[in-house]
Amino acid sequence: MDLLSDLNPEQRKAVTIQRGPILILAGAGSGKTRVITYRIAYLLHKKYAKPENILAITFTNKAADEMRTRIFKLLGDSHRMWIRTFHSTCARILRETSERIGITRNFTIYDEHDQLSLIKDCLHDCNIDTKAITPATVLSCINKIKQNLASSDHIDDELIRVLYKQYNKKLGDYNAVDFDDLILKTVELFRTDENVLMRYQNRFKYILVDEYQDTNRAQYELTKLLAAKHRNLCVVGDDDQSIYSWRGAEIKNILDFEKDFPDAVVIKLEQNYRSTKTILKAASGVVENNEYRKPKILWCDNDVGERLEVFEAVDAYNEAAYVARKIMELKLQDFNLGDIAVFYRINYQSRVFEECFIKYQIPYEVIGSLKFYERAEIKNVLAYLKVVTNPRDSVSLKRIINIPSRKIGYTTIEKVLSYGKEHNLTLYESLLQIEKITSIDRKTKKRIQDFVAMINGFIELSDTLSLYEFVLEIVKDSGYLESLAQEKTEREYIRRKNVEELLISIKDYAKEYPDATLRDYLADVSLRSEIDEWNATDERVNLMTLHNAKGLEFDIVFITGLEDGLIPHYKSQYELKQYEEERRLLYVGITRARKKLFLTFARQRDLFRGDFTYTTLSPFFREIPVDVFATTMESGLEM
DNA sequence: CAGGAGGGGCTTTTT
DNA sequence: GCCCCTCCTG
């Protein structure tokens with residue numbers, strides 16, 4: 001098979017091992033995606049596996065789409081394989097078997113915003129002041145418990161234990177799950193139902209997990225359960241690129257793989273094909289200072305390349321102007337704007353770059369900050385769809401009952417809710433019995449009855465219309481589109497444009513997946529991230545956080561805001577494990593660059609409007625070997 | 001009882 | 001800049 005000729009000996013070994021557990025420690029730019037795709041192609045080509053026996057897990061939907069495309073190019077077919085993220089894999093498994101865990105196929109997936117609404121309701125129910133404990137704190141505790149597969153009996157904090165139970169009870173009542181539930185409930189299902197587990201074990205004879213260093217406890221457990229029978233588990237990752245511990249990721253999953261599978265074949269990919277020698281030297285200089293890592297040496301055969309340019313800016317505006325000027329120079333040198341990326345630690349930093357790039361007329365794309373599917377107007381439309389598929393979803397129902405304004409306000413909802421609590425009914429069921437609630441006046445009852453009649457009408461329609469026609473019907477009939485059409489303010493205009501954009505995207509979706517139901521659509525969009533939507537083009541500079549940069553590469557990279565308190569972030573300064581993760585974050589950023597790297601920092605930065613602080617240089621900056629820097633610096637940098 | 005206007009608080013990273 | 005809370009009006 002000639003595809004093996006594209007590979008170096010280590011890569012080839014990883015691709016051709018027929019069975020058993022494999023750990024691939026793949027340094028940055030060492031061709032790990034190539035190894036995974038070629039391995040899948042090889043297994044199928046050699047008839048070791050059928051397409052339906054393959055489960056490949058990626059970190060983002062975008063990575064999954066790319067992998068599918070690559071396999072399609074190699075084999076001419078990529079159907080029946082499962083190439084998905086952990087979350088979308090589990091969503092699908094739960095959909096196929098949901099009745100066994102007490103939810104229906106129509107379950108709603110709650111995002112962080114929905115989770116917070118639910119937690120606020122719980123706090124409200126328990127008469128707890130949000131000043132005593134913030135909803136965000138509760139959310140973070142709940143997520144952690146689920147990510148670590150912790151038992152609720154072992155929660156020390158009484159308050160959290162009560163809230164945790166209440167929160168989960170509500171999710172159950174609403175026929176809804178949160179992100180972490182997708183994994184957690186699948187693990188629980190596999191643990192309790194041997195037949196279901198066996199069905200999936202038999203199906204997935206070969207399992208491949210990418211970015212294994214960023215799996216959490218629940219994902220680890222899920223992987224182990226699925227692979228227990230055939231033991232053809234191939235995990236790929238790099239401990240130096242583990243940057244999601246705050247989301248429950250445990251670096252020890254990759255460090256201890258050989259303990260879990262003593263017969264594992266370990267393959268190290270240490271040749272970097274991406275960057276210049278200079279860039280690699282800078283990256284190594286930084287990451288070598290970490291204590292928690294497997295020792296390794298990344299090397300490359302590429303050119304020495306250009307040295308790193310450093311700029312000390314007066315403030316963030318000066319920093320952005322420098323980046324803009326450099327980008328104009330690069331453009332004159334025939335670089336595509338699409339080959340250029342600007343990275344920063346926090347989304348907030350993107351604003352100054354945006355302002356500046358508009359002024360300099362540099363086309364750009366911001367990836368991540370204001371996520372399309374998290375915009376209020378988009379969530380409103382989706383909430384209508386969620387209520388129609390799952391009327392028990394009270395978070396969505398509450399969201400839309402008065403959007404557009406129907407004069408059904410807070411006090412009325414409270415009355416309906418307390419009636420529901422008394423009679424053990426969901427919000428929707430209570431609305432159906434609105435006649436019986438004596439404390440609500442005639443006029444309000446009429447408004448509610450009209451609303452319920454409208455929703456019921458939508459539910460009936462959902463079977464007869466196509467996905468696109470149906471959504472169009474809803475935004476028109478509900479009066480939502482019209483309410484945005486007033487265009488009194490710039491904001492309302494943008495909102496309407498966004499809703500129209502959503503309609504177009506639904507049309508495209510329906511074209512791509514003609515068989516997809518409303519339920520499929522909702523599951524898909526609930527699990528889509530901003531990076532998934534991003535399409536690299538030649539014409540626009542890419543702006544994103546260091547986290548979003550993982551797995552990507554660009555000719556030219558700017559890493560900005562190299563200041564103490566930003567990289568490392570001030571909240572991660574005090575604990576060594578977090579501190580080292582910040583160092584890895586910088587390492588990830590540096591290793592994205594193929595040809596040229598720019599580092600910038602600002603002497604003062606406005607934390608938020610008008611409040612300036614003087615900064616000091618990032619301690620990580622001093623770890624970069626001095627001889628990789630260009631000698632001609634734009635300012636008198638004190639080293 | 002609904003809803004708009006105005007004021008104060010806080011911002012890490014995201015499937 | 002965004003969200004949430006409060007206060008006031010109709």
Side-chain angles (χ1 to χ4, degrees), chain A residues 57-64 84-91 109-113 115-117 120 129-131 134-136 139-140 143 146-147 177-183 211 214-216 218-219 242-249 343-352 354-355 367-371 373-376 401-415 439-441 443-444 447 491 524-532 544-550 561 565-573 578 581-582 584-586 588-589 606-611:
Chain A
I57 293 179
T58 58
F59 196 69
T60 61
N61 293 294
K62 183 182 166 59
R84 305 172 153 260
T85 63
F86 269 110
H87 292 89
S88 109
T89 301
C90 290
I109 299 169
Y110 281 170
D111 67 9
E112 189 181 326
H113 194 278
Q115 285 183 285
L116 282 170
S117 317
K120 280 175 204 160
D129 191 356
T130 51
K131 275 161 204 143
T134 68
L139 174 69
S140 138
N143 286 346
K146 293 188 175 184
Q147 287 156 2
V177 299
D178 60 32
F179 281 135
D180 293 317
D181 273 343
L182 290 168
I183 320 280
E211 307 282 8
D214 281 320
T215 51
N216 64 34
Q219 293 164 337
S242 169
I243 54 173
Y244 282 91
S245 74
W246 49 274
R247 219 171 73 187
F343 300 155
Y344 36 79
R345 178 65 178 83
I346 55 176
N347 281 310
Y348 174 74
Q349 289 171 264
S350 70
R351 222 163 271 156
V352 181
E354 287 193 73
E355 278 174 31
I367 294 110
S369 63
L370 229 172
K371 295 174 188 93
Y373 289 104
E374 285 175 17
R375 285 163 214 233
I401 193 164
N402 202 31
I403 285 182
S405 170
R406 302 186 173 89
K407 298 198 186 303
I408 304 169
Y410 178 78
T411 323
T412 306
I413 302 290
E414 279 297 297
K415 285 177 187 166
S439 57
I440 295 176
D441 68 81
K443 274 185 187 164
T444 313
R447 292 180 198 128
R491 236 172 125 114
D524 278 1
V525 294
S526 301
L527 297 174
R528 281 201 96 68
S529 69
E530 184 77 358
I531 195 90
D532 301 331
M544 68 186 83
T545 61
L546 286 161
H547 283 88
N548 261 324
K550 190 171 84 156
L566 216 44
I567 309 175
H569 192 269
Y570 74 98
K571 283 185 178 169
S572 304
Q573 275 174 328
Q578 286 186 43
E581 181 153 308
E582 297 288 310
R584 289 194 290 272
L585 199 51
L586 176 59
V588 167
D606 51 337
L607 289 177
F608 45 102
R609 283 200 118 56
D611 197 1

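All values derive from a computational prediction rather than experimental measurement. Residue numbering restarts at 1 for every chain, and letters A, B, ... go by the order of the sequence lines.
- Here A:Trp246 does not count as stacked on B:dT12, because the ring centres are not under 5.5 angstrom apart with planes under 30°.
- The interatomic distance linking A:Lys415 (NZ) with B:dC1 (C1') rounds to 8 Å, in whole Å.
- The nearest whole Å value for the distance from the NZ atom in A:Lys120 to the P atom in C:dC3 is 10 Å.
- When each of B:dA2, B:dT14, C:dC4 is scored by its nearest atom to the side-chain atoms of A:Thr411, the top-ranked nucleotide is B:dA2.
- A:Phe59 pairs by the ring pair (Phe, Tyr, Trp, His ring centres under 6.0 Å) definition with A:Tyr244, not counting sequence neighbours.
- Aromatic pair A:His569/A:Trp246: centroids not less than 6.0 angstrom apart.
- Not one side-chain nitrogen or oxygen of A:Asn143 sits closer than 4.0 Å to the OP1 or OP2 atom of B:dT14.
- Distance, A:Lys550 NZ to B:dT13 C1': 12 Å, rounded to whole Å.
- Contact annotation for A:Asp441: no contact, since no heavy-atom pair falls under 4.0 Å across all strands.
- Nucleic acid contact for A:Tyr410: sugar-phosphate only, since backbone atoms but no base atoms lie under 4.0 Å from a heavy atom of the residue.
- Evaluated for a side chain to side chain contact (heavy atoms under 4.5 Å, CB included) with A:Ser117, the options A:His113, A:Gln115, A:Lys120 yield exactly one hit, A:His113.
- Rounded to whole Å, atom P of B:dG3 lies 12 Å from atom CD1 of A:Ile401.
- Remark: P of B:dC10 and CD1 of A:Ile346 are 16 Å apart, rounded to the nearest angstrom.
- When heavy atoms are screened at a 4.0 angstrom cut-off, A:Lys443 is found touching no nucleic acid atom at all.
- When every heavy atom of A:Met544 is checked against every heavy atom of A:Ile367, the shortest pair comes out as CE-CD1, 3.8 Å.
- Residue-level contact check: A:Thr412 touches the backbone only, with heavy atoms under 4.0 Å from sugar-phosphate atoms and none from bases.
- Taking for each of A:Phe59 and A:His569 the nucleotide of DNA chain B with the nearest heavy atom, the 5'-most of the two is the partner of A:His569.
- The interatomic distance linking A:Tyr110 (OH) with B:dT14 (P) rounds to 24 Å, in whole Å.
- We find that CD of A:Glu414 is positioned 13 Å from C1' of B:dC1, with the value rounded to whole Å.
- Contact between the side-chain N/O atoms of A:Thr545 and the OP1/OP2 oxygens of B:dT14 is found at a separation under 4.0 Å.
- With distances taken from any side-chain atom of A:Ser405 to the nucleotides B:dT15, B:dT12, B:dG3, the minimum falls on B:dG3.
- Not a single side chain to side chain donor-acceptor pair (under 3.5 Å) links A:Asn216 to another residue, sequence neighbours left out.
- Rounded to a whole Å, the CD atom of A:Gln349 is 16 Å from the C1' atom of C:dG1.
- The phosphate of B:dT11 (OP1 or OP2) has no side-chain N or O of A:Asn347 nearer than 4.0 angstrom.
- Each of A:Ile408 and A:Lys571 was matched to the nucleotide of DNA chain B holding its nearest heavy atom; the match closer to the 5' end belongs to A:Ile408.
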